[in-house]
Amino acid sequence: WYQRRVHGDSLATYSLCCVQSCGKFQSGLSEMTRIGSQGLGFSSLGVLLSILPALCTAQYVPGQPGASWTEEEVLVVKAKLIQVISDGSRAYSSLYPNHNWSWTRMPTAAKYLRLGFHDCLKYVDGSGGCDGCLNWEGMEYTYNESFVNTMEYDDIEFTNNNGLGATVETLEGVYTDKDFPSYAPSLNISLRESGKSRADLWALAAIVGVEYGIETNNAFCDDPNYDKVGPQCNHQQGLPDCKVNLSGNIQFATGRADCITSESRPFVTTKEEAHPSIMTNGEGTVDFFKTYFNFTGREIVAILGGHSLGRLNVQHSLLPYVWTSRGTQMFNNAYYKLITNRDEWYFNDDACTKVGDAFGTKPRTRWVPHVRQFTKNGGPVHWIHENYACPNCVWDTVDNAQHLDCCTNKPADQFCRADNNRT
């Protein structure tokens with residue numbers, strides 16, 4: 001409250017009120033101008049204007065629920081997050097210009113989604129979950145993928161957060177700097193200064209990752225030459241079920257509390273997280289989600305569908321695999337189609353060439369376990385999806401005489417020469 005006598009004996013009382021978000025003045029500049037015209041010096045008014053944002057906002061305190069977000073804040077931050085993943089290297093390099101990380105570590109829509117899940121992992125003591133903190137152990141380790149058949153590395157049983165570091169550090173720029181990235185819309189005040197929790201930002205980023213993946217999927221359904229992301233092959237191109245249509249918007253809830261940590265970086269915790277085993281089977285997967293999340297079978301199946309977006313990187317996990325061939329930036333149901341073990345076309349080029357068997361039909365498929373003997377026990381074991389298909393005769397004959405012969409020395413009505421010259 002500010003009181004001042006103006007025009008003799010009359011006492012004018014004016015209230016300069018704030019709303020919760022971003023230090024906006026509810027009374028409006030017009031009322032402030034009226035105050036100035038009635039006798040309050042503009043120098044004094046300037047002092048008030050300079051101190052009110054500090055009085056009207058409270059910096060976030062770890063351990064407390066994050067403040068609510070306005071619709072405007074959600075939209076501005078979504079725009080920031082989209083700009084980040086549109087060119088993850090540019091965003092990260094603007095914060096860390098001397099970094100030497102490869103493209104595999106840069107922020108992407110898939111990493112937003114992965115971060116959203118990994119942040120919600122509980123600690124082994126049952127506490128935590130969705131708290132804006134990650135354990136940094138192994139986060140920046142790079143495996144040498146040339147160490148095939150050397151059994152050089154220690155055995156791997158559980159996953160970790162490796163590969164998420166640059167994404168977390170870039171999101172910290174979004175969290176603490178109202179103007180970051182510089183080529184995106186600005187907030188009036190940073191998320192941290194306005195009382196928002198880091199955990200809520202990470203949750204919103206996961207939502208953006210899914211939305212971005214769906215929009216990318218649908219864009220390639222409309223135009224296979226869509227050029228806003230790198231080349232992609234939508235396996236459902238031209239089919240009526242190509243597009244993903246949500247029944248409604250993904251709801252963004254706020255109020256998550258960040259962890260309290262003694263580490264110098266507030267998003268790092270030393271508490272041991274309960275990670276799933278990469279060497280388990282279906283029963284082990286169900287047990288993990290039941291124990292730590294109390295998920296139903298339907299919920300387990302649903303969350304595993306997040307693997308439609310993104311890929312594994314052997315440098316981070318020793319697992320050399322891509323879930324959806326040539327479609328790693330699209331969110332759809334291709335993951336489920338693969339694991340049902342139904343016969344599917346083989347795709348291995350950006351032109352989305354449907355490669356089948358010699359007679360032009362969908363090839364038989366199977367899953368087989370595979371190892372490259374990176375670790376001391378010969379692992380890690382992973383599964384590979386194989387198609388009993390022709391070579392891709394459109395392009396897979398360069399520098400491969402066997403493929404060239406198979407694709408050219410054939411009957412005219414065959415895509416490639418059938419095994420044992422079958423007809």
Side-chain angles (χ1 to χ4, degrees), residues 104 110-111 113-114 117-118 121 138 143-163 213 232-233 235-236 275-290 295 297-349 355-357 362-392 396:
T104 63
K111 285 189 172 62
L113 182 55
R114 181 180 175 223
F117 173 67
H118 279 237
L121 291 174
Y143 291 102
N144 189 329
E145 60 182 311
S146 69
F147 286 9
V148 177
N149 298 324
T150 65
M151 298 186 179
E152 173 73 19
Y153 294 111
D154 291 335
D155 298 334
I156 299 175
E157 181 178 357
F158 297 101
T159 65
N160 61 16
N161 301 315
N162 196 8
Q232 296 284 283
C233 170
H235 297 189
Q236 299 300 107
H275 281 262
S277 170
I278 62 172
M279 294 292 101
T280 192
N281 55 14
E283 291 181 357
T285 300
V286 170
D287 182 65
F288 172 83
F289 281 105
K290 181 67 176 176
F295 276 4
R298 182 180 179 87
E299 290 168 334
I300 294 171
V301 171
I303 199 167
L304 289 176
H307 291 110
S308 287
L309 190 63
R311 56 164 296 159
L312 298 165
N313 288 292
V314 65
Q315 302 96 324
H316 307 164
S317 64
L318 291 181
L319 295 171
Y321 196 73
V322 177
W323 285 109
T324 308
S325 176
R326 306 286 172 162
T328 59
Q329 298 189 60
M330 297 180 291
F331 191 91
N332 49 39
N333 65 357
Y335 167 85
Y336 296 111
K337 290 180 179 294
L338 287 172
I339 64 175
T340 57
N341 210 31
R342 295 186 301 178
D343 291 345
E344 294 288 348
W345 296 105
Y346 173 52
F347 297 94
N348 72 334
D349 66 10
V355 181
D357 61 18
K362 285 184 178 180
R364 285 180 291 167
T365 64
R366 67 179 182 178
W367 285 91
V368 294
H370 180 74
V371 296
R372 294 191 177 183
Q373 300 191 80
F374 283 116
T375 63
K376 290 179 170 55
N377 66 0
V381 179
H382 64 282
W383 290 84
I384 291 180
H385 185 257
E386 292 186 340
N387 298 79
Y388 189 52
C390 289
N392 185 336
D396 199 16

Would you please classify the geometry between the His370 ring and the His382 ring as parallel, tilted or perpendicular, with 30° and 60° separating the classes?
perpendicular

Treating [X] as the side-chain partner and [Y] as the backbone partner, does any N or O pair qualify as donor plus acceptor under 3.5 Å?
{"X": "Tyr336", "Y": "Gly305", "answer": "yes"}
{"X": "Asn144", "Y": "Ser146", "answer": "yes"}
{"X": "Ser308", "Y": "Phe331", "answer": "no"}
{"X": "Gln232", "Y": "Thr328", "answer": "yes"}
{"X": "Thr365", "Y": "Glu344", "answer": "no"}
{"X": "Asp155", "Y": "Asn377", "answer": "yes"}

Which heavy atom in [X] sits nearest to a heavy atom in [Y], and how many Å separate them?
{"X": "Glu152", "Y": "Phe147", "result": "CG-CD2, 3.6 Å"}
{"X": "Leu121", "Y": "Phe288", "result": "CD2-CZ, 3.9 Å"}
{"X": "Pro363", "Y": "Ala389", "result": "CB-CB, 3.9 Å"}
{"X": "Thr104", "Y": "Gln315", "result": "CG2-NE2, 4.0 Å"}
{"X": "Ala110", "Y": "Gly310", "result": "CB-CA, 3.4 Å"}
{"X": "His118", "Y": "Asn160", "result": "CE1-O, 3.2 Å"}

Roughly how far apart are [X] [atom1] and [Y] [atom2], rounded to 0.5 Å?
{"X": "Leu319", "Y": "Ile278", "atom1": "CG", "atom2": "CD1", "answer": "5.0 Å"}
{"X": "Asn281", "Y": "Glu283", "atom1": "CG", "atom2": "CD", "answer": "5.5 Å"}
{"X": "Asp343", "Y": "Arg364", "atom1": "CG", "atom2": "CZ", "answer": "8.0 Å"}
{"X": "Leu318", "Y": "Leu312", "atom1": "CG", "atom2": "CG", "answer": "11.0 Å"}
{"X": "Ser325", "Y": "Leu338", "atom1": "OG", "atom2": "CG", "answer": "9.0 Å"}
{"X": "Ile300", "Y": "Lys290", "atom1": "CD1", "atom2": "NZ", "answer": "8.0 Å"}

For Phe374 and Tyr143, I'd like to know if the aromatic rings sit close, meaning centre-to-centre distance below 6.0 Å.
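Between Phe374 and Tyr143, the centre distance exceeds or equals 6.0 Å.
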
Hey, could you give me each pair passing salt bridge (charged side-chain N to carboxylate O under 4.0 Å, His left out) that has a residue in residues 366-392? Not counting sequence neighbours.
Asp154-Lys376, Arg366-Glu386

Once salt bridge (charged side-chain N to carboxylate O under 4.0 Å, His left out) is applied, what residue pairs with a partner in residues 297-326 remain, sequence neighbours excluded?
Arg326-Asp350

Would you check if [X] and [Y] make a side-chain contact, meaning some heavy-atom pair closer than 4.5 Å?
{"X": "Phe117", "Y": "Ile303", "answer": "yes"}
{"X": "Phe347", "Y": "Thr324", "answer": "no"}
{"X": "Thr285", "Y": "Pro276", "answer": "no"}

State which residues pass ring pair (Phe, Tyr, Trp, His ring centres under 6.0 Å) with Tyr335; sequence neighbours excluded, sorted by chain then number.
His307, Trp323

